[in-house]
Asker: 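There's a structure below that I have some questions on.
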Amino acid sequence: MSLISVNHLTFHYEGSSDNIFEDVSFQIDTDWKLGFTARNGRGKTTFLKLLMGEYEYRGTISCSENFDYFPFEIIDKEKTFLEIIEELYPEYELWKICRELSLLQTEEEILYRPFYTLSNGEQTKAMLAVLFSQESRFLLIDEPTNHLDIKGRESIREYLKQKKGFILVSHDRNILDECVDHILVINKMNIEVYKGNFSVWWEEKKRRDNWEQEENERLKRDIKRLKESARIKEEWADNIESRKIGKKASEEAKRKGATTKGRRAYIGEKTRRMEKRRKNLENREERAIEEKSGLLKNLETTEDLKLFPLRHYKDVLVSLSDVCIYYEQPDGKQKNLGMVSFDIRNGECVVLHGKNGCGKSSILKAVIQAAEEKAGVDHGQSISLAEPIHYTGTITTAGGLKISYVPQDTSHLRGSLSDYAEEYHLNLSSFLMLLRKLDLERKQFEKNMEEYSGGQKKKVLIARSLCEQAHLYIWDESLNFIDVFSRIQIEELLMKYRPTMLLVEHDKAFVEKVGSKIIEIRR
């Protein structure tokens, strides 16, 4: 057991005037199972890179442990995974890697296959097996479940439950609940460490936020009352002071049978006391303002999103009957994926489940392709697919069906937000407002999208889709890289407006909330 001690850490990227971290200090134990969460763009991956010593920074990070990062870079993907291990970890012990693969319920044969032939799940498991087979290593695991199917996520979750000594960056609430015993969170103003899993931290955060909001309202009322009291006391003091000398003072002295000079000392003392009371009120007001300024700094506000889906006159928008995706292999043979039959009705949220590689994304594209073919050249919102999808069976779509599509891939996002909005015929103000509600900071509006984090790019795609009025929203793993706050925000949106949707999504908590029909695809 040892400590990772971070003291007065300050960091910004070269050429940027904005600090990612500023004077941050905290400690974590290398025996912990540490979950790491924050809003997109707050610097989670950056912090892991700082631990790895990849950037220069001010302050100190001290630890006696060696760090390893997941996923590590694979340069030559034509090599077998065992050859890659021999290059990266020359002192590896094969039996330990095989032990870890067994715990991950994965066959050893993946070690002898070219890396590019491994599925996303196999690549993830192979890398984790190698990293956990190394001794005296503290692992920095960066979003291992992105692109993994439900079973893949379950196997990773069960594996990590047996391990300790890692930082796990994840936005999957189930994994953070079952696999970690501490939470590291990057707030707006600081970094904090909490004991417990995600749900413990989330409930504590909600209690803290509610208390601070209530306290903030109380202090606002106190400040308003103190200001009014100070104003009244000041008017009284001025009024009394005006009676010390002059015509008004003489008339009052005559009425009370006293000399003007004798009244001055009395009125002066009365004025002094009134001024003292006013000053005390001002001091109390300043203390209240100072106390109020310490509240709400880390409050993560999420504004309600809006969606205006179109309602099609037909009840069944899409019908698939015995649809089987296939593609031609290099040897000329045809490879068939899973077969499926289902309908999509108005107001339903249909979620496709199945192993990686069973054709879920291809089915989404096949539905789009069928709608495009039926609409022909007159279809108003053409969605360009990289290549045609081949399938057997029948896909029937309603006439005039308008579709909004969010793909998995974000690599095409380049250039400015304004150019992107123009390309998709979006109202720029509405598009940017949605991005602000999804916590994309205004300063990001001036940057090109290729500079965005993975989560920020996903938010661009989701905001564009929410701007589009459609009968059917087709989202392909849209939540990959999206932070927990935004996931919950999107959940609430879909539950409120109930648009017709066809989804591929592996976030169990999200699917349980929004899904109305689950379709299993088996190969």
Asker: Just by modelled atom types, is the Val200 backbone N or O under 3.5 Å from a matching donor or acceptor in the Lys195 side chain?
Answerer: no
Asker: Quick one: does any side-chain atom of Asn197 pair with a main-chain N or O of Leu176 as donor and acceptor, under 3.5 Å?
Answerer: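 Pair absent, no side-chain N/O of Asn197 close to backbone of Leu176.
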Asker: Taking the basic N atoms (NZ, or NE/NH1/NH2) and the acidic carboxylate oxygens, is any pair closer than 4.0 Å for Lys459 and Asp483?
Answerer: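 Looking at Lys459 and Asp483, the cut-off is met.
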Asker: Which residues satisfy the side-chain contact (heavy atoms from CB on, under 4.5 Å) test with Gln162, sequence neighbours excluded?
Answerer: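 Per chain and number, Gln162 pairs via side-chain contact (heavy atoms from CB on, under 4.5 Å) with Leu103.
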Asker: Looking at Arg99 and Ser133, would you say the former's side chain and the latter's main chain have a donor-acceptor pair under 3.5 Å?
Answerer: no
Asker: When you measure from the side chain of Arg173 to the backbone N and O of Phe198, does any donor-acceptor pair fall under 3.5 Å?
Answerer: no
Asker: Between the side chains of Asp181 and Lys33, is the shortest nitrogen-to-carboxylate-oxygen separation below 4.0 Å, so that they form an ion pair?
Answerer: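 Between Asp181 and Lys33 there is no salt bridge, as every charged N stays at least 4.0 Å from the carboxylate O atoms.
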Asker: Would you mind listing every ring-ring contact (aromatic ring centres under 6.0 Å, His included) that reaches into residues 159-184, with sequence neighbours excluded?
Answerer: Trp32-His182, Phe132-Tyr159
Asker: Under the side-chain contact (heavy atoms from CB on, under 4.5 Å) rule, what do Tyr92 and Val130 come out as? Steps first, then yes or no, please.
Answerer: CA-CA 8 Å; Tyr92 78 96; Val130 172; over 6 Å; no
Asker: More than 12 foreign heavy atoms under 6.0 Å from CD of Glu204: is that the case here?
Answerer: yes
Asker: Please tell me if the side chains of Phe510 and Ile488 come closer than 4.5 Å, counting only heavy atoms from C-beta onward.
Answerer: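 With C-beta onward as the side chain, the pair stays apart.
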Asker: So which atom in Met127 and which in Pro71 form the shortest heavy-atom distance, rounded to 0.1 Å?
Answerer: SD-CB, 3.7 Å
Asker: For Gly152, is there any backbone N or O sitting under 3.5 Å from a side-chain donor or acceptor partner on Lys355?
Answerer: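 Absent.
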Asker: Taking salt bridge (charged side-chain N to carboxylate O under 4.0 Å, His left out) as the cut-off, I'd like each qualifying pair that reaches into residues 149-163, sequence neighbours left out, listed once.
Answerer: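 Pairs touching residues 149-163 that pass the test: Glu100-Lys163, Arg153-Asp172, Arg157-Glu178, Glu158-Lys161, Lys161-Glu178.
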Asker: List for me each residue that meets side-chain contact (heavy atoms from CB on, under 4.5 Å) alongside Ser102, sequence neighbours excluded, and say none if there are none.
Answerer: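 Result, side-chain contact (heavy atoms from CB on, under 4.5 Å) vs Ser102: none returned.
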Asker: Do Glu192 and Tyr194 have a side chain donor and acceptor closer than 3.5 Å?
Answerer: yes
Asker: Which residues pass the side chain to side chain donor-acceptor pair (under 3.5 Å) test with Ser62, not counting sequence neighbours?
Answerer: none
Asker: Run the side-chain contact (heavy atoms from CB on, under 4.5 Å) test against Pro309 and tell me which residues pass, sequence neighbours left out.
Answerer: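 With neighbours one apart ignored, the set is Leu307, Tyr473, Pro499.
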Asker: Consider only side-chain N and O atoms of Arg498 and Ser516, and report whether a donor and an acceptor are under 3.5 Å apart.
Answerer: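 The criterion, which ignores hydrogens and geometry beyond distance, is not satisfied for Ser516 and Arg498.
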Asker: Could you give the distance from CD1 (Ile4) to CD1 (Ile28), rounded to the nearest 0.5 Å?
Answerer: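 Output value for this atom pair is 4.0 Å.
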Asker: Using a cut-off of 6.0 Å, state whether more than 12 heavy atoms not belonging to Lys96 lie near its atom NZ.
Answerer: yes
Asker: Determine, step by step, whether Phe115 and Phe72 satisfy the ring pair (Phe, Tyr, Trp, His ring centres under 6.0 Å) criterion, reporting the C-alpha distance in whole Å, the side-chain angles of both residues, the deciding distance to 0.1 Å, and the verdict.
Answerer: CA-CA 13 Å; Phe115 187 79; Phe72 48 81; 8.0 Å; no
Asker: Using the rule given for side-chain contact (heavy atoms from CB on, under 4.5 Å), can you reason through Leu140 versus Phe70, listing the C-alpha separation, both sets of side-chain angles and the distance that settles it, and then say yes or no?
Answerer: CA-CA 6 Å; Leu140 312 177; Phe70 170 95; over 6 Å; no
Asker: Does a side-chain N-to-carboxylate-O contact under 4.0 Å join Glu109 and Arg113?
Answerer: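 Yes, charged N to carboxylate O under 4.0 Å.
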Asker: Taking the side chain as everything from C-beta on, heavy atoms only, tell me whether Lys306 gets closer than 4.5 Å to Phe308.
Answerer: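 Touching, per the 4.5 Å side-chain cut-off.
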Asker: Are Glu492 and Lys496 within salt-bridge range, i.e. N to O under 4.0 Å?
Answerer: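 Looking at Lys496 together with Glu492, the answer is no, because their closest N to O distance does not fall below 4.0 Å.
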Asker: Do the non-hydrogen side-chain atoms of Leu34 and Ile183 ever get within less than 4.5 Å of each other?
Answerer: no
Asker: Please answer whether the main-chain N or O of Arg345 pairs with a side-chain N or O of Glu348 as donor and acceptor at a distance below 3.5 Å.
Answerer: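 Side chain of Glu348 to backbone of Arg345, a donor-acceptor pair under 3.5 Å: yes, one is there.
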Asker: In terms of the angle between their ring planes, are Tyr55 and Phe11 parallel, tilted or perpendicular, with boundaries placed at 30° and 60°?
Answerer: parallel
Asker: Does any part of the side chain of Leu466, heavy atoms only, come nearer than 4.5 Å to the side chain of Leu493, both counted from C-beta?
Answerer: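 Yes, side chains in contact.
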Asker: Between Leu438 and Leu440, does a side-chain contact (heavy atoms from CB on, under 4.5 Å) hold up when you go through it step by step?
Answerer: CA-CA 6 Å; Leu438 287 167; Leu440 196 72; 5.8 Å; no
Asker: If you count every heavy atom of other residues, nucleotides or ligands that lies below 6.0 Å from Tyr116 atom OH, does the total exceed 12?
Answerer: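 Counting neighbours around OH of Tyr116, 12 or fewer heavy atoms of other residues, nucleotides or ligands fall under 6.0 Å, so no.
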Asker: Answer with yes or no whether the side chains of Thr410 and Lys458 bring together a donor and an acceptor at under 3.5 Å.
Answerer: no
Asker: Mind checking whether Asp507 and Arg487 have side chains closer than 4.5 Å, heavy atoms only?
Answerer: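 A side-chain contact exists here, since the closest heavy-atom pair is under 4.5 Å.
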Asker: Would you verify whether the NZ or CZ of Lys49 falls within 45 degrees of the ring axis of Tyr69 while also being under 6.0 Å from that six-membered ring's centre?
Answerer: yes
Asker: Under 6.0 Å from the NZ atom of Lys447, do we count more than 12 heavy atoms belonging to anything else shown?
Answerer: yes
Asker: Checking side-chain polar atoms at under 3.5 Å, does Asn187 have a donor or acceptor matched by the opposite partner on Asn190?
Answerer: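 The criterion, which ignores hydrogens and geometry beyond distance, is satisfied for Asn190 and Asn187.
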Asker: Are a donor atom and an acceptor atom from the side chains of Glu143 and Asn146 found within less than 3.5 Å of each other?
Answerer: yes
Asker: Find out whether Phe138 and Asn66 are in side-chain contact, i.e. whether some heavy atom of one side chain is under 4.5 Å from a heavy atom of the other.
Answerer: no
Asker: If you round to the nearest 0.5 Å, how far is CZ of Phe26 from CG of Asn7?
Answerer: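 These two atoms lie 9.5 Å from each other.
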Asker: Do Ser361 and Asp476 have side-chain atoms, one donor and one acceptor, less than 3.5 Å apart?
Answerer: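 Their side chains do contain a donor-acceptor pair, which is all the 3.5 Å distance test asks for.
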Asker: Would you tell me whether Glu477 and Asn480 have side-chain atoms, one donor and one acceptor, within less than 3.5 Å of each other?
Answerer: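 Yes.
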Asker: Please check if any side-chain donor atom of Ser453 sits under 3.5 Å from a side-chain acceptor atom of Asn40, or the reverse.
Answerer: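 Looking only at side-chain atoms, Asn40 and Ser453 do not form any donor-acceptor pair under 3.5 Å.
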Asker: Counting heavy atoms not belonging to Arg442, are there more than 12 under 6.0 Å from its CZ?
Answerer: no
Asker: Measuring only between side-chain heavy atoms, which start at C-beta, is Leu364 closer than 4.5 Å to Leu352?
Answerer: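 Leu364 vs Leu352: side chains touch.
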Asker: Test side-chain contact (heavy atoms from CB on, under 4.5 Å) on Ile490 and Trp475 and set out the steps.
Answerer: CA-CA 12 Å; Ile490 294 166; Trp475 289 6; 4.0 Å; yes
Asker: Which distance, rounded to the nearest 0.5 Å, do you find between the CD of Gln408 and the CG of Leu461?
Answerer: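 Taking CD in Gln408 and CG in Leu461, the distance rounds to 11.5 Å.
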Asker: Below 4.5 Å, heavy atoms only, C-beta onward: do His8 and Arg58 meet side chain to side chain?
Answerer: no
